[in-house]
Amino acid sequence: MKLWKTLLAAAVLAVATATSAFAARTDLVIGIPLEPPHLDPTAGAAAAIREVTYANVFEGLTRIGPNGEVLPDLAESWTISDDGKVYTFKLHSGVKFHDGADFSADDVKFSLDRARAENSINAQKQLFAAIDKVDVVDPATVKVTLTHPQGSFLYNMGWGDAVMVSPKSADTNKEKPVGTGPFKFDSWAKGSSITLLKSDHYWGAPVFLEKVEFRIVPDAAAAVPALLSGDIQAFPFFDPDSVSQVKDDPRFKVVVGATEGETILSINNKQPPFDKLQVRQAISYALDRKAIIDGASAGLGLPIGSHMSPANKYYVDLTGRYPHDVAKAKELLKEAGLENGFKATLKLPPPSYARLGGEIIASELRDVGINLEIIPVEWAQWLDQVFTKKDYDLTIVSHTEPNDIDIYARKDYYFNYANPAFNKVIADLELTSDEAKRKELYAQAQKILADDAVVGFLYELPKVGVWDAKLQGLWESAPIPANDLTKVKWSD
């Protein structure tokens, strides 16, 4: 009898051990190159905030899917009035914030009114500019009335800047974010990592992962050893120059997708001599986009001629507008009275696309007589000096927000660009829902920006992802800056 019990116990232990051995993992460490300045997507422009929080911690009325499509989120459905100005959203019931507070139509009104308020610090306040009023019909129904029809309204409500927040926790979301998403904030070791845990009371489809750590790896050279050692299992935004070190390793999957990241040589249009069209056009002719793409994105970027992603349905190919032509660039500088060239500064934020691209561009502009002083800056400095105070001549940055060509119509935006004709096109777009007309207007907008050489349009930032071959569900492209973990799991 004793022997039988011993054998039975051994068999049970063997089965338990085997089950444990074959059970799929529920933890994940993701490498991210930039640490967010804080974790409130309604109060900051940095894409790194959304790369941690979008769809994971915070949710909106709608959401943007992996192919750029608009999907229901906290709103399970909606109706639109015949005049296109009234949206009535039916909300999911039983939704709670991570601190236990109930989510209702009152929170929608609070979030939208807060985002569009005069004192709002939302980085994309224009997303809410068309809203006239927000009315609570009942706890599960909210009515949003617009001042005019807006073809992009449902899309706008899917941005990370339009997520829903609670009055109880809105003021502390920067350090301790509280949302309605499938993951709740656990901890933030500044300079090291941010940890999220699965929410036990999530209203939607349960996620597979129990714990996710976003490990901050600013040094691109450290990413490969972290992958090889297994310390980090995924880099959704991987340094293109390092791909060759892992692409033939069967343990990893390498995926090259599209982004909405227009990588540009930004120009301060009011700063002499850049206020002269000939100077800006000379810069565009001086740029050898192929050399820049090869050197700054390992040849993976797609050239652009205006502010639109080649993956976007409204894209117009204007890459032939300014072919690389040193003689033409010098001729234009001579027309501007600058045949002897001039000096300027180039402020470069931390990403490798900026630092590597800056060296190449400085060399190319030197060939036409423009001598640049390269000034490396950290992101906080860039946001303060360049983006906010407009204290710069030239800079390089990738604008990763989706469908954001309207930024060139914003008053006092850091480009310091003003063109009434362009503003009129954007205003017409705002009022137009007819798809054929919108396509025509987007084409006009792209052409105006190219003709005005507002900035040096370089290339679309590629999304290079490298992760464990057993990992499933990570986005291959990036229609918005996000690491949506709602469907991520390990294969058995």
Undergrad: Decide yes or no for Ile405 and Gln446: does some side-chain heavy atom of the first lie under 4.5 Å from some side-chain heavy atom of the second?
TA: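 Counting from C-beta outward, Ile405 and Gln446 do come under 4.5 Å.
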
Undergrad: Please report the interatomic distance CG(Asn268) to OG1(Thr395), rounded to the nearest 0.5 Å.
TA: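 It is 11.0 Å, given to the nearest 0.5 Å.
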
Undergrad: Check whether the side chains of Asp239 and Ser242 place a donor and an acceptor atom closer than 3.5 Å, and report yes or no.
TA: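 Distance-only check passes for Asp239 and Ser242.
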
Undergrad: Would you please indicate if the ring centroids of Tyr414 and Trp382 are separated by under 6.0 Å?
TA: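 Yes, the ring of Tyr414 comes within the 6.0 Å limit of the ring of Trp382, centre to centre.
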
Undergrad: Could you go through the side chain to side chain contact (heavy atoms under 4.5 Å, CB included) check for Glu401 and Glu260 one step at a time?
TA: CA-CA 6 Å; Glu401 292 78 14; Glu260 282 283 337; over 6 Å; no

Undergrad: Crowded around Asp434 CG? As in, over 12 foreign heavy atoms under 6.0 Å?
TA: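 More than 12 heavy atoms, drawn from other residues, nucleotides or ligands, come within 6.0 Å of this atom.
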
Undergrad: Checking Ser111 side chain against Val165 main chain: does a donor-acceptor pair fall under 3.5 Å?
TA: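 Judged by distance alone, yes, a pair lies under 3.5 Å.
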
Undergrad: Do you see a donor-acceptor pair shorter than 3.5 Å between the side chains of Asn416 and Asn269?
TA: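 No, no side-chain donor-acceptor contact under 3.5 Å.
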
Undergrad: Show me the donor-acceptor pairs within less than 3.5 Å that the side chains of residues 453-464 make with the rest of the protein, sequence neighbours left out.
TA:
from	atom 1	to	atom 2	distance (Å)
Glu460	OE2	Gly261	N	2.9
Lys463	NZ	Pro236	O	3.0
Lys463	NZ	Trp475	O	3.0

Undergrad: Take the angle between the ring planes of His399 and Phe415 and call it parallel below 30°, perpendicular above 60°, tilted in between.
TA: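 Tilted, since the angle between the ring planes falls between 30° and 60°.
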
Undergrad: Would Ile30 and Leu485 count as a side chain to side chain contact (heavy atoms under 4.5 Å, CB included) if you check the C-alpha gap in whole Å, the side-chain angles of each, and the deciding distance to 0.1 Å?
TA: CA-CA 11 Å; Ile30 291 181; Leu485 302 174; 3.6 Å; yes

Undergrad: Ring centroid separation for His307 and Tyr408, is it under 6.0 angstrom?
TA: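 They qualify: ring centres under 6.0 Å apart.
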
Undergrad: Is any side-chain heavy atom of Tyr285 closer than 4.5 Å to a side-chain heavy atom of Pro323?
TA: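 The answer is yes; the side chains approach within 4.5 Å.
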
Undergrad: Can you tell me how far CD1 of Ile293 sits from CG of Leu302, rounded to the nearest 0.5 angstrom?
TA: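 Those atoms lie 7.0 Å apart.
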
Undergrad: Report the C-alpha distance between Leu394 and Leu265 in whole Å, list the side-chain angles of each, state the deciding distance to 0.1 Å, and finish with yes or no for side chain to side chain contact (heavy atoms under 4.5 Å, CB included).
TA: CA-CA 7 Å; Leu394 303 170; Leu265 175 66; 4.1 Å; yes

Undergrad: Looking at residues at least two apart in the chain, or sitting in another chain, which of them share a salt bridge (charged side-chain N to carboxylate O under 4.0 Å, His left out) with Glu213?
TA: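 Arg215.
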
Undergrad: Between Asp452 and Tyr417, does a side-chain hydrogen bond (donor to acceptor under 3.5 Å, both in side chains) hold up when you go through it step by step?
TA: CA-CA 10 Å; Asp452 282 352; Tyr417 170 68; 2.6 Å; yes

Undergrad: With a sphere of 6.0 Å drawn around NZ of Lys211, does it hold more than 12 non-hydrogen atoms of other residues, nucleotides or ligands?
TA: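 At most 12 heavy atoms, drawn from other residues, nucleotides or ligands, come within 6.0 Å of this atom.
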
Undergrad: Determine whether Pro182 and Glu59 make a side-chain contact, defined as any pair of heavy atoms from C-beta on separated by less than 4.5 Å.
TA: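 Contact flag for Pro182/Glu59 side chains = yes.
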
Undergrad: Before you tell me yes or no, could you show the steps for Thr345 and Asp393 under side-chain hydrogen bond (donor to acceptor under 3.5 Å, both in side chains), namely the whole-Å CA-CA distance, both residues' side-chain angles and the distance that decides it to 0.1 Å?
TA: CA-CA 6 Å; Thr345 60; Asp393 293 331; 3.0 Å; yes

Undergrad: Please indicate whether Lys487 has more than 12 foreign heavy atoms, meaning atoms of other residues, nucleotides or ligands, lying under 6.0 Å from its NZ.
TA: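 At most 12 heavy atoms, drawn from other residues, nucleotides or ligands, come within 6.0 Å of this atom.
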
Undergrad: Taking all heavy atoms of Trp490 and all of Leu28, pick out the closest pair and write down the distance.
TA: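 Looking at all heavy atoms of both residues, the closest pair is CZ2-CD1, 4.0 Å.
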
Undergrad: Rounded at 0.5 Å granularity, tell me how far NZ in Lys343 sits from CD in Glu373.
TA: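 The CD atom of Glu373 is 9.5 Å from NZ of Lys343, to the nearest 0.5 Å.
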
Undergrad: In the structure I gave you, are the side-chain heavy atoms of Lys347 and Asp391 within less than 4.5 Å of one another anywhere?
TA: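 SC-SC contact between Lys347 and Asp391 confirmed.
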
Undergrad: Return the CG to NZ distance between Asp186 and Lys176, rounded to the nearest 0.5 Å.
TA: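 NZ of Lys176 is found 11.5 Å from CG of Asp186.
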
Undergrad: Looking only at atom types and distance, does a side-chain atom of Ser192 sit under 3.5 Å from a main-chain N or O of Ala189, one as donor and one as acceptor?
TA: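 Between the backbone of Ala189 and the side chain of Ser192 there is no qualifying donor-acceptor contact (under 3.5 Å).
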
Undergrad: Rounded to the nearest 0.5 Å, what's the gap from CD1 on Ile304 to CG on Asp317? Could you check?
TA: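 Those atoms lie 11.0 Å apart.
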
Undergrad: Does the side chain of Tyr54 come within less than 4.5 Å of Ile480's, by heavy atoms?
TA: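 They are in contact (side-chain heavy atoms under 4.5 Å apart), so the answer is yes.
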
Undergrad: Do Leu112 and Met164 have side-chain heavy atoms sitting under 4.5 Å apart?
TA: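 Touching, per the 4.5 Å side-chain cut-off.
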
Undergrad: Would you indicate whether the side-chain heavy atoms of Arg114 and Thr42 approach each other to under 4.5 Å?
TA: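 Yes. Closest side-chain heavy atoms under 4.5 Å.
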
Undergrad: Please step through side-chain hydrogen bond (donor to acceptor under 3.5 Å, both in side chains) for the pair Trp467 and Gln472, ending with a clear verdict.
TA: CA-CA 9 Å; Trp467 50 78; Gln472 303 174 355; over 6 Å; no

Undergrad: Report yes if the distance between the aromatic ring centroids of Phe274 and Phe342 is under 6.0 Å, otherwise no.
TA: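 Yes, the ring of Phe274 comes within the 6.0 Å limit of the ring of Phe342, centre to centre.
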
Undergrad: Within the distance-only criterion (no hydrogens, no angle test), does the side chain of Lys125 pair as donor or acceptor with the backbone N or O of Glu118 below 3.5 angstrom?
TA: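 Such a contact is found between Lys125 side chain and Glu118 backbone.
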
